[in-house]
Amino acid sequence: MAHIVRGTRVLSRCVARPFSMSATNLNRPEPSSAPSMLDIGTRRIFNEEHDMLREAFRKFVEAEVTPRHRQWEEDGVTGRDVWEKAGAAGYLNVNIPEEHGGVGGDFKSATIVNEELASAGASGLFSPHSDIIVPYVSKYGSDEMRKRLIPAMTAGKCITAIGMSEPGAGSDLQGLQTRADRDGSDYIINGSKTWISNGQLADAVVVVAKTCKEGKAAHGLSLFIVERGMPGFERGKNLVKIGMKANDTSELFFSDVRVPAMNLIGEENRGFYYMMNELPQERLTVATAAISASEAMFEWTREYLAERKAFGGPLSKMQLIRHRMAKMKTEIAVGRAFVDSCIERHDANFLDTVTASMAKAWASEMQDRVADECVQLHGGMGYMYDYKIGKAYVDSRIQRIYAGTNEIMMDLVARSVFPR
């Protein structure tokens with residue numbers, strides 16, 4: 001309990017501040033000038049209270065996540081108990097207001113949880129739940145819905161998923177076919193979803209469904225909470241992916257699922273607008289994980305090259321390799337500077353969709369380049385799944401696909417270049 005009290009005290013001070021940096025923060029080194037890019041106490045956007053949270057959560061990951069992650073990969077799903085342990089320690093729903101049932105920390109604090117999981121090779125464990133899904137309930141749900149659901153979501157006793165993608169509609173919301181038809185005081189949902197993260201574990205799924213038969217499909221979408229055990233709600237098989245194997249991903253099926261009107265999030269036919277409002281945070285979350293994963297891959301590779309000997313000495317003494325590592329570090333540092341500026345802006349509610357799209361696309365593509373280069377520098381060892389870099393290589397590939405493909409990101413950016 002002492003740890004929980006300490007964590008709560010730290011987070012309570014880490015509230016959103018105006019978009020500025022104090023002179024003290026400007027004295028903090030950037031990762032590019034620290035002995036390791038993973039050192040605690042770096043980056044001007046954070047302060048000592050954030051450092052305390054990072055140190056505590058890093059220890060949590062080392063104790064509760066890393067030792068069990070390989071087994072979760074083999075099982076294709078994480079253990080429910082780690083969710084409850086994270087909830088008890090205050091590491092879920094960090095940025096959800098305390099009055100809504102969350103922890104009440106700032107977005108930077110939530111970012112720390114996301115970054116530490118990415119650095120440990122456990123991307124996607126808590127962040128979709130805390131930073132992408134629960135915010136819909138917090139921001140647009142009724143008071144009754146918040147009181148009924150968010151405390152359990154914060155405690156890790158109610159795991160969430162979002163049902164958006166369908167077999168014939170991924171990034172294109174116009175193609176969604178799942179319907180929700182009003183029937184008295186309820187809605188009847190029919191349709192299916194695929195590639196749903198947390199699909200097997202989820203106790204509550206935010207389902208995107210069409211509720212208006214006229215006009216553009218995107219402008220007739222609504223969001224509903226479908227809960228475990230509702231008749232007609234079925235889960236398909238746990239899909240086998242090439243990476244992120246510990247994160248269960250499923251098909252979901254809805255056959256005449258009767259959902260009470262109180263499970264409608266916000267207003268009917270306003271789902272599209274709610275999703276557009278939340279996309280900057282979702283895409284920044286991907287960018288943040290991409291940079292942190294890249295920093296970790298760089299450090300793993302630096303350590304390997306310093307120890308690996310060939311041609312009479314360590315590989316780290318060879319000029320070609322030294323220059324390749326120098327180029328990689330420079331690229332990561334440039335990405336870190338841009339993404340940190342996005343984190344700072346989002347923490348002050350200034351991040352726009354175009355900038356978030358740039359960050360998501362650029363950082364995820366850089367992550368793939370870093371992963372490929374690090375595997376190459378590891379040689380044959382890099383191709384072994386038992387090595388962290390091999391797993392990170394396959395895990396990185398999804399970053400350019402989910403949260404909107406990078407092709408969609410570039411189309412959004414292009415609209416700011418050549419307005420229609």
Side-chain angles (χ1 to χ4, degrees), residues 6-7 10-11 13-62 94 105-121 123 284-285 287-306 316 321-348 350-351 355 359 362-363 366-367 369-371 373-374 377 388 392:
R6 185 182 74 163
V10 171
L11 288 171
R13 295 184 197 149
C14 296
V15 296
R17 297 178 173 87
F19 183 47
S20 63
M21 295 183 186
S22 68
T24 301
N25 285 5
L26 288 172
N27 291 331
R28 293 168 66 93
E30 293 301 317
S32 57
S33 58
S36 168
M37 300 186 93
L38 302 179
D39 281 351
I40 296 175
T42 64
R43 297 165 62 189
R44 289 168 287 177
I45 68 170
F46 294 120
N47 57 40
E48 291 182 357
E49 292 157 357
H50 291 119
D51 295 342
M52 292 171 62
L53 171 62
R54 188 181 295 276
E55 183 178 7
F57 186 63
R58 186 173 290 186
K59 290 178 179 178
F60 176 88
V61 172
E62 291 171 351
V94 171
D106 61 359
F107 179 73
K108 295 177 185 177
S109 298
T111 295
I112 288 169
V113 173
N114 182 24
E115 290 179 341
E116 289 301 309
L117 289 169
S119 298
S123 293
L284 178 56
T285 298
T288 299
I291 298 295
S292 295
S294 297
E295 290 173 337
M297 289 187 286
F298 173 86
E299 292 299 340
W300 301 338
T301 304
R302 173 157 63 170
E303 181 180 355
Y304 176 80
L305 293 173
S316 60
I321 287 177
R322 292 169 66 87
H323 284 188
R324 288 170 73 170
M325 290 292 289
K327 181 178 179 181
M328 192 191 315
K329 183 177 183 180
T330 302
E331 188 172 10
I332 295 171
V334 170
R336 167 58 70 201
F338 177 47
V339 171
D340 273 4
S341 74
C342 292
I343 294 171
E344 185 79 16
R345 293 189 67 82
H346 187 59
D347 194 53
F350 288 136
L351 183 65
T355 304
W362 198 92
M366 186 205 70
Q367 180 184 1
R369 292 193 298 271
V370 169
E373 181 77 334
C374 289
L377 291 171
K388 291 185 290 186

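Being a predicted model, the structure only gives us computed values, none of them experimental.
- Looking at residues two or more places apart in sequence or on another chain, you find a side chain to side chain contact (heavy atoms under 4.5 Å, CB included) between A333 and S32.
- In this structure the side chain of M297 reaches within 4.5 angstrom of the side chain of Q367, judged on heavy atoms.
- Looking at every heavy atom in both residues, I332 comes nearest to S294 through CD1-O, 3.5 Å.
- Using a distance-only test at 3.5 Å, with no hydrogens or angles considered, a donor-acceptor pair links the side chain of K108 to the main chain of I45.
- I321 contributes atom CD1, which lies 6.0 Å from atom CG of L377 (distance to the nearest 0.5 angstrom).
- The OG atom of S316 lies 12.0 Å from the CD atom of E303; values are rounded to the nearest 0.5 Å.
- With rounding to the nearest 0.5 Å, the separation of CH2 in W300 from CG in L305 is 14.5 Å.
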Report the C-alpha distance between T355 and F338 in whole Å, list the side-chain angles of each, state the deciding distance to 0.1 Å, and finish with yes or no for side chain to side chain contact (heavy atoms under 4.5 Å, CB included).
CA-CA 10 Å; T355 304; F338 177 47; 4.0 Å; yes
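- Remark: side-chain polar atoms of D340 are not paired, donor with acceptor, to backbone N or O of A337 under 3.5 angstrom.
- Taking the side chain as every heavy atom from C-beta outward, E115 and R54 approach each other to under 4.5 Å.
- Residues E55 and R58 are not paired through a salt bridge, judged by the lack of any N-O separation under 4.0 Å between the basic side chain and the carboxylate.
- Taking the six-membered ring for Trp and thresholds of 30 and 60 degrees, F57 and F60 have nearly parallel ring planes, at less than 30 degrees apart.
- In this structure, N114 CG and T288 OG1 are separated by 6.0 Å, a value rounded to the nearest 0.5 Å.
- Taking each heavy atom of A287 and A359 in turn, the nearest pair found is CB-O, 3.5 Å.
- Salt-bridge check for R369 with E331: passed, with a basic side-chain N closer than 4.0 Å to an acidic carboxylate O.
- Inter-residue side-chain proximity for I343 and L351 is flagged as unmet; no heavy-atom pair is nearer than 4.5 Å.
- Between D106 and H50 there is a side-chain heavy-atom pair separated by less than 4.5 Å.
- Across all non-hydrogen atoms, the minimal contact from S36 to R302 is CA-NH2, 3.8 Å.
- Using a 4.5 Å cut-off on side-chain heavy atoms (C-beta onward), H346 and T111 make no contact.
- Counting only distance, with no hydrogens or angles, the side chain of R43 and the backbone of P29 share no donor-acceptor pair below 3.5 Å.
- Of all the heavy atoms in A34 and T42, the pair that sits closest is CB-CG2, 3.8 Å.
- Using a 4.5 Å heavy-atom threshold, the side chains of E344 and F350 count as separate.
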For E62 and K59, what are the C-alpha separation, side-chain angles and deciding distance, and is it a salt bridge (Lys or Arg N to Asp or Glu O under 4.0 Å)?
CA-CA 5 Å; E62 291 171 351; K59 290 178 179 178; over 6 Å; no
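- With a 4.5 Å cut-off on side-chain heavy atoms, I291 and M366 count as touching.
- Contact of the E295 side chain with the S119 side chain is not registered, since no non-hydrogen atoms from C-beta on lie closer than 4.5 Å.
- Of all heavy-atom pairs spanning R336 and S292, the tightest one is NH2-OG, 3.4 Å.
- A distance of 12.0 Å separates CZ of R345 from CG of L284, quoted to the nearest 0.5 Å.
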Step-by-step side chain to side chain contact (heavy atoms under 4.5 Å, CB included) determination, D51 to R28:
CA-CA 12 Å; D51 295 342; R28 293 168 66 93; 2.8 Å; yes
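- Summarising the geometry, atom CD belonging to E116 is positioned 8.0 Å from atom CG belonging to L38; distances are rounded to the nearest 0.5 Å.
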